[in-house]
Structure formats: C-alpha cells, structure tokens
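The chain is numbered in sequence order, starting from 1. Any value given below was found using the heavy atoms of this structure, including those in side chains, with hydrogens, waters and symmetry copies removed.
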Amino acid sequence: MAILIRRGVKDTDATTEPALRLDRFVAPPKAAVLLLHGGRADALEPPPALNLPGARMRPFARSLSRATAEQGIALGRVRYAYRGWNGPRADAGRDALRALDELAAVTGPVPTVLVGHSMGGRAALHAAGHSLVSAVVGLAPWCPAGEPVEHLTGKRIVLLHGDRDRVTDPRESWAFAARARAAGAEVRALSMPGGDHAMLRGAADWHTLTTETVMGLLGLGEFPPRRAGTFVPVER
C-alpha cells in the first residue's frame with residue numbers, strides 16, 4: 001500500500017510511490033482541494049523534475065492557499081507515475097483515484113474538490129465518481145468524444161475553456177458538459193474570451209475565477225461567483 005508523502009515527511013513502500021502530495025494538512029480538515037496538472041496523450045516516462053505543466057498550476061495553488069488560509073482546508077496535488085494518459089490505460093485517471101484513496105485513509109470522508117488542467121482535467125473528471133469527490137473544476141480540460149459521464153450523476157462540474165485554445169478543443173468541453181448535464185450532473189461551462197491553452201492570456205482572470213469558484217463549491221463563498229458573470233456561459 002502506498003503511504004502518503006506530507007510536507008516534511010517521506011515514507012514509501014518498496015513497490016509503489018504514493019500518488020498524493022499534501023502541501024497543507026490540517027486535522028481534521030473540513031474539506032480538501034487537490035490539483036492535477038497536465039501531461040501528454042502518450043508517454044510512459046515519469047514527469048521530469050522540471051515540469052512545465054506542473055509549473056502552470058503553481059499560481060493556482062498559491063491563490064487557493066491564500067484564499068483558504070485558516071479555513072480548515074487540506075490542499076494537495078496528484079502525483080503521476082507516468083507523463084501520459086496512455087490510451088485505455090488511463091494512467092493519470094488511475095493515479096487520481098489512488099490519490100483519493102490515500103487521502104481518505106488520512107482524512108476520512110471529507111468533501112473534496114478536484115482542479116485539473118488539460119490532461120489533469122480529464123483525470124479529475126475520470127475520478128469524479130469517487131466517494132470523496134463533491135465537485136470538479138476543469139481548466140481547458142481534455143474531453144474527447146465518448147468520454148464516460150454516467151459516474152457524474154449528482155456531482156458539481158465547472159468547465160472553463162479559452163476560445164483560442166489550439167491544444168484541447170473547447171467544443172469538446174461544451175459537448176461533454178451537455179452530456180454530463182443529461183446524466184444528472186450539475187454543470188456550469190464558461191468560455192474565457194481570448195484564453196489560450198497555457199492560461200497565460202488573462203492569467204489573473206483564470207486564477208481569480210478558479211479560486212472564487214472553488215471557494216463557492218466549498219461553501220466558503222458565493223456560487224457561482226460574481227466574476228463568472230463577466231464571462232460567456234455556454235448552454236447546450
């Protein structure tokens with residue numbers, strides 16, 4: 001069984017590295033937020049130490065850390081064994097589920113919000129059926145046609161996608177949102193005008209809207225946040 005790595009504590013078994021890295025642990029937490037960075041469609045090597053997709057999530061982590069300070073919220077990241085999704089193996093999705101099991105072993109049944117970018121968005125949506133997950137925020141998520149949605153019944157899903165994304169197709173996100181809504185999920189989809197896949201154009205808007213959305217999903221703020229009204233809702 002994989003053992004959690006917490007800041008200042010490292011303990012692993014001989015066969016499996018843990019899938020969860022906790023950056024803030026509180027006992028007992030009221031809720032948890034896990035971040036999932038992007039990756040590649042196919043790659044069987046582990047993510048490198050200097051990993052650009054991971055770096056893209058750092059401003060989100062800082063913003064969420066500030067917003068949830070003193071609120072009793074555990075914050076962490078999903079660690080991938082492999083850099084890619086790798087077809088039917090769905091490696092990142094399996095790692096997300098493993099991280100949630102590891103979280104549950106430490107925190108018990110706390111409501112958890114997953115925030116994933118690109119492949120991390122796909123992994124978060126894949127793992128959303130886990131009993132801990134109350135909501136998913138997908139940032140420019142990879143939502144290929146035919147992705148399962150039946151496990152999203154009763155879940156809260158928010159998808160944010162830039163209309164200038166040339167890596168993942170925003171139209172696939174909107175189609176996924178429609179199918180998830182039909183399956184019984186509560187879904188909100190917003191187009192980020194001028195937004196690109198790396199979330200560099202209008203970066204402050206991405207960070208602020210994501211943080212305010214997570215706070216609302218945690219019951220610590222307004223949902224949907226007022227800022228969401230300045231972007232383009234997508235209804236299908």
Side-chain angles (χ1 to χ4, degrees), residues 6-7 20-26 29-39 47 50-80 96 99 103 107 110-125 128 132-141 156-162 164-165 168 173 188-233:
R6 297 205 303 269
R7 180 165 290 177
L20 177 68
R21 168 66 183 264
L22 279 175
D23 297 306
R24 180 204 290 154
F25 180 73
V26 292
K30 296 177 183 175
V33 179
L34 299 185
L35 276 65
L36 301 90
H37 65 69
L50 297 175
N51 186 26
L52 182 57
R56 289 191 182 115
M57 296 304 288
R58 289 175 191 160
F60 293 92
R62 289 193 293 268
S63 180
L64 285 163
S65 181
R66 289 192 298 268
T68 59
E70 310 303 324
Q71 298 287 346
I73 308 300
L75 297 177
R77 292 169 271 161
V78 174
R79 297 155 50 96
Y80 303 138
L103 180 65
T107 64
V110 295
T112 300
V113 178
L114 303 180
V115 181
H117 172 238
S118 192
M119 183 189 76
R122 185 179 186 182
L125 292 165
L132 259 59
V133 177
S134 60
V136 172
V137 180
L139 310 175
R156 306 175 83 185
I157 309 296
V158 180
L159 303 182
L160 311 178
H161 213 134
R164 295 188 181 180
D165 195 325
T168 55
S173 286
R188 296 183 183 275
L190 291 176
S191 178
M192 307 287 282
D196 60 347
H197 189 69
M199 305 177 295
L200 296 176
R201 295 189 184 99
D205 286 331
W206 282 94
H207 304 155
T208 303
L209 180 56
T210 299
T211 298
E212 291 178 353
T213 297
V214 171
M215 294 296 283
L217 290 167
L218 291 172
L220 299 174
E222 183 181 62
F223 185 80
R226 292 183 183 180
R227 182 175 293 265
T230 65
F231 297 96
V232 182

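- Under the salt bridge (Lys or Arg N to Asp or Glu O under 4.0 Å) criterion, the residue pairs touching residues 203-227 are D205-R227, E212-R227, E222-R226, with sequence neighbours excluded.
- A donor-acceptor pair under 3.5 Å is formed between the side chain of T210 and the backbone N or O of W206.
- Between the R24 side chain and the G76 main chain, no donor and acceptor come within less than 3.5 Å of each other.
- Checked by atom type and distance alone, the side chain of S63 never pairs as donor or acceptor with a backbone atom of P59 at under 3.5 Å.
- For residues 195-204, the pairs satisfying salt bridge (Lys or Arg N to Asp or Glu O under 4.0 Å) are D196-R201, with sequence neighbours left out.
- Side-chain atoms of T112 come within 3.5 Å of backbone N or O of V110 as a donor-acceptor pair.
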Residue pair H117, M57: steps toward the side chain to side chain contact (heavy atoms under 4.5 Å, CB included) verdict: CA-CA 8 Å; H117 172 238; M57 296 304 288; 3.7 Å; yes

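- Residues F60 and T211 form no side-chain contact, since every pair of their non-hydrogen atoms from C-beta on lies 4.5 Å or further apart.
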Please report the C-alpha distance between R188 and L159 in whole Å, then the side-chain angles of each, then the deciding distance to 0.1 Å, and finally whether the side chain to side chain contact (heavy atoms under 4.5 Å, CB included) criterion is met. CA-CA 6 Å; R188 296 183 183 275; L159 303 182; over 6 Å; no

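- Checked options D23, I73, L35; the residue passing with L64 is L35 (criterion: side-chain contact (heavy atoms from CB on, under 4.5 Å)).
- Here L190 contributes atom CG and T230 contributes atom OG1; the two are 8.5 Å apart, rounded to the nearest 0.5 Å.
- Looking at S173 and H161, their side chains do bring a donor and an acceptor atom within 3.5 Å of each other.
- Side-chain atoms of Y80 come within 3.5 Å of backbone atoms of H37 as a donor-acceptor pair (strictly under, hydrogens ignored).
- Distance alone, capped at 3.5 Å, is enough to place a donor-acceptor pair between the T168 side chain and the A140 backbone.
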